[in-house]
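Since we're looking at a predicted model, the values are computed, not measured.
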Amino acid sequence: MKKTVFYGALAAATIAGGVASAATLDDVKARGTLNCGVTTGLIGFAAPDSNGNWEGFDVAVCRAVAAAVLGDANAVEFIPTTGKTRFTALASGEIDMLARNTTWTFSRDVDLKFEFVGINYYDGQGFIVPRELGVTSAKELDGATVCVQTGTTTELNLADFFRINNISYEPVPIETNAEGQQQYLAGSCDAYTTDASGLAATRAAFENPGDHIILPEIISKEPLGPLVRHGDNEWGDIVRWTLNALIAAEEYGVTSANIDELSQGTDNPEINRLLGSAGTLGEMLGLDAEWAQRALKVGGNYGEIFERNIGENTPIGLARGLNAQWTEGGLLYAPPFR
């Protein structure tokens, strides 16, 4: 679920192949499917169900883009990626976009030649420990073994935290969240560290979730969001404004239940432009007037997607917190549709 740091080999691969051909939209239309990079499996965010159908908070963004562009939310090829493989997959063109709880950082945006189109989850790194360990604070983990995904910024944050607090730890390297969960439950490490949202999702999959506690410390800023390659601004605009449509719709009160009615026209000019009953926003994107309608009909607005996949009434049990709308004290904010 975490964020791969900058490596020289990856940099070379990205510089060589990471500039988009400025034809991603054409490629997606010609192929008839959207190739979307996701995690290898994290309940609530991106994971296949018992029938092999991918679902989750990040999956919903992929499906919304597919609906906007192709008119079919199921026209998506979900490509699992690890912390190490995700950027190479995007740079090489194997995937058209990455929707994998990836942190927006300077080097990824600038040096790796990617473009983050927005933030769909404001997060931070935390720790989970067995309740029987008797620990109530991460500052009490002196000498602990800690499971941590390799090749990620998680490693750097972990080292910084222990150094700043003048305590020691022994890292237990893992490749995927599934491996981390397995190693943690097997007792190979005293604690597991990743994004707090990932910890909640991981704990929800445990046989006895109540036997484990997420410690109160949040040791980093992790603004997570979808990204595309540099060099194809038109495609970036489509992914960016599809995400913005999901966010804005919640603010405007556009839901899966009322969208058909509102799409006929309202007294709110911004809703009319969003849903295509007025203006030419779709044409500006190279799409038709109903692109946002299709995106919103897949799973509803941002709030509906959040509550259904990771909200307080799900096993994940996440409160909106920073991910509430700006009008509700959160950081969620879409630029104007005008």
Side-chain angles (χ1 to χ4, degrees), residues 1 24 27-83 85-86 89-90 94-102 120-121 175-182 194-195 197-198 200-207 209 224-228 238-239 242-243 245-246 249-250 255-257 259 291-318:
M1 164 152 183
T24 307
D27 291 343
V28 170
K29 286 183 174 180
R31 191 190 308 128
T33 56
L34 170 71
N35 292 337
C36 197
V38 291
T39 182
T40 52
L42 184 65
I43 299 298
F45 285 90
D49 64 14
S50 57
N51 295 317
N53 298 314
W54 283 83
E55 55 186 19
F57 182 75
D58 292 324
V59 165
V61 177
C62 302
R63 294 198 185 279
V65 172
V69 173
L70 299 170
D72 182 0
N74 294 315
V76 185
E77 181 73 23
F78 291 100
I79 299 176
T81 63
T82 68
T85 65
R86 58 186 164 172
L90 182 58
E94 180 184 358
I95 57 178
D96 305 306
M97 60 178 286
L98 180 63
R100 191 194 174 279
N101 292 53
T102 299
N120 73 330
Y121 196 93
E175 289 288 338
T176 66
N177 185 70
E179 182 187 353
Q181 176 178 321
Q182 181 182 29
T194 188
D195 292 340
S197 63
T202 298
R203 182 173 63 175
F206 291 170
E207 184 176 350
L224 310 176
L227 57 155
V228 298
I238 289 172
V239 181
T242 299
L243 174 60
L246 303 178
E250 182 184 19
T255 70
S256 55
I259 188 171
W291 66 277
Q293 285 190 48
R294 292 194 298 273
L296 288 162
K297 286 181 179 180
V298 177
N301 63 38
Y302 178 94
E304 292 177 281
I305 293 169
F306 189 105
E307 293 307 321
R308 182 173 60 257
N309 290 289
I310 58 176
E312 291 183 288
N313 294 320
T314 70
I316 314 303
L318 293 172

Worksheet item: Going by heavy atoms in the side chains, are I43 and P315 under 4.5 Å from each other?
Response: no
Worksheet item: Is there any disulfide (SG to SG under 2.5 Å) pair reaching into residues 47-81, and which pairs are they, with sequence neighbours excluded?
Response: C36-C62
Worksheet item: How close do T39 and A46 get, heavy atom to heavy atom, and via which atoms?
Response: CG2-O, 3.4 Å
Worksheet entry | Whether R86 side chain and L98 backbone form a donor-acceptor pair below 3.5 Å | no
Discussion item. Test of understanding: with side chain to side chain donor-acceptor pair (under 3.5 Å), list the residues that count as partners of T33, not counting sequence neighbours.
Written reply: none
Worksheet item: Which pair of heavy atoms, one from G299 and one from E304, lies closest together, and at what distance?
Response: O-CB, 3.7 Å
Discussion item. Within the structure provided, determine whether R31 and D96 are in side-chain contact (heavy-atom separation under 4.5 Å).
Written reply: yes
Worksheet entry | Within-4.5 Å side-chain heavy-atom neighbours: T255 and L296 | no
Response to the item:
Across all chains, not counting sequence neighbours, the side-chain contact (heavy atoms from CB on, under 4.5 Å) partners of V298 are R63, A67, A73
Discussion item. What's the separation between atom CG in L227 and atom CZ in R100, rounded to the nearest 0.5 Å?
Written reply: 11.0 Å
Worksheet item: Closest heavy-atom contact between A204 and P209?
Response: O-CG, 4.5 Å
Worksheet item: Closest heavy-atom contact between N301 and L246?
Response: CB-O, 3.6 Å
Worksheet entry | CZ-CD distance between F306 and E312, expressed to the nearest 0.5 angstrom | 8.0 Å
Worksheet entry | L34 side, atom CG; F78 side, atom CZ - distance, nearest 0.5 Å | 8.0 Å
Response to the item:
Nearest heavy-atom approach of A201 to I316 is CA-CD1, 3.6 Å
Discussion item. Please report the interatomic distance CG(L318) to CD(E307), rounded to the nearest 0.5 Å.
Written reply: 9.5 Å
Item to complete: Would you name the heavy atoms of I305 and A60 that are closest together and state the gap between them?
Response: CG2-CB, 3.6 Å
Item to complete: With sequence neighbours excluded, tell me which residues meet salt bridge (Lys or Arg N to Asp or Glu O under 4.0 Å) with K297.
Response: D260
Worksheet item: When rounded to the nearest 0.5 angstrom, what distance separates OG1 in T102 from CG in N120?
Response: 9.5 Å
Worksheet entry | Beyond-backbone contact of N309 with T314, side-chain heavy atoms, under 4.5 angstrom | no
Response to the item:
Here the gap from N177 atom CG to T82 atom OG1, rounded to the nearest 0.5 Å, amounts to 12.5 Å
Worksheet item: Taking side chain as C-beta onward, heavy atoms only, is T24 less than 4.5 Å from V228?
Response: no
Worksheet item: Where does the angle between the aromatic ring planes of Y121 and F45 fall among parallel (under 30°), tilted (30 to 60°) and perpendicular (over 60°)?
Response: perpendicular
Item to complete: Would you please name every residue forming a salt bridge (Lys or Arg N to Asp or Glu O under 4.0 Å) with E179, sequence neighbours left out?
Response: none
Worksheet item: Do other residues, nucleotides or ligands put more than 12 heavy atoms under 6.0 Å from D49 CG?
Response: yes
Practice prompt. State which residues pass salt bridge (Lys or Arg N to Asp or Glu O under 4.0 Å) with R294; sequence neighbours excluded, sorted by chain then number.
Written response: D288
Discussion item. Measuring only between side-chain heavy atoms, which start at C-beta, is M97 closer than 4.5 Å to V61?
Written reply: yes
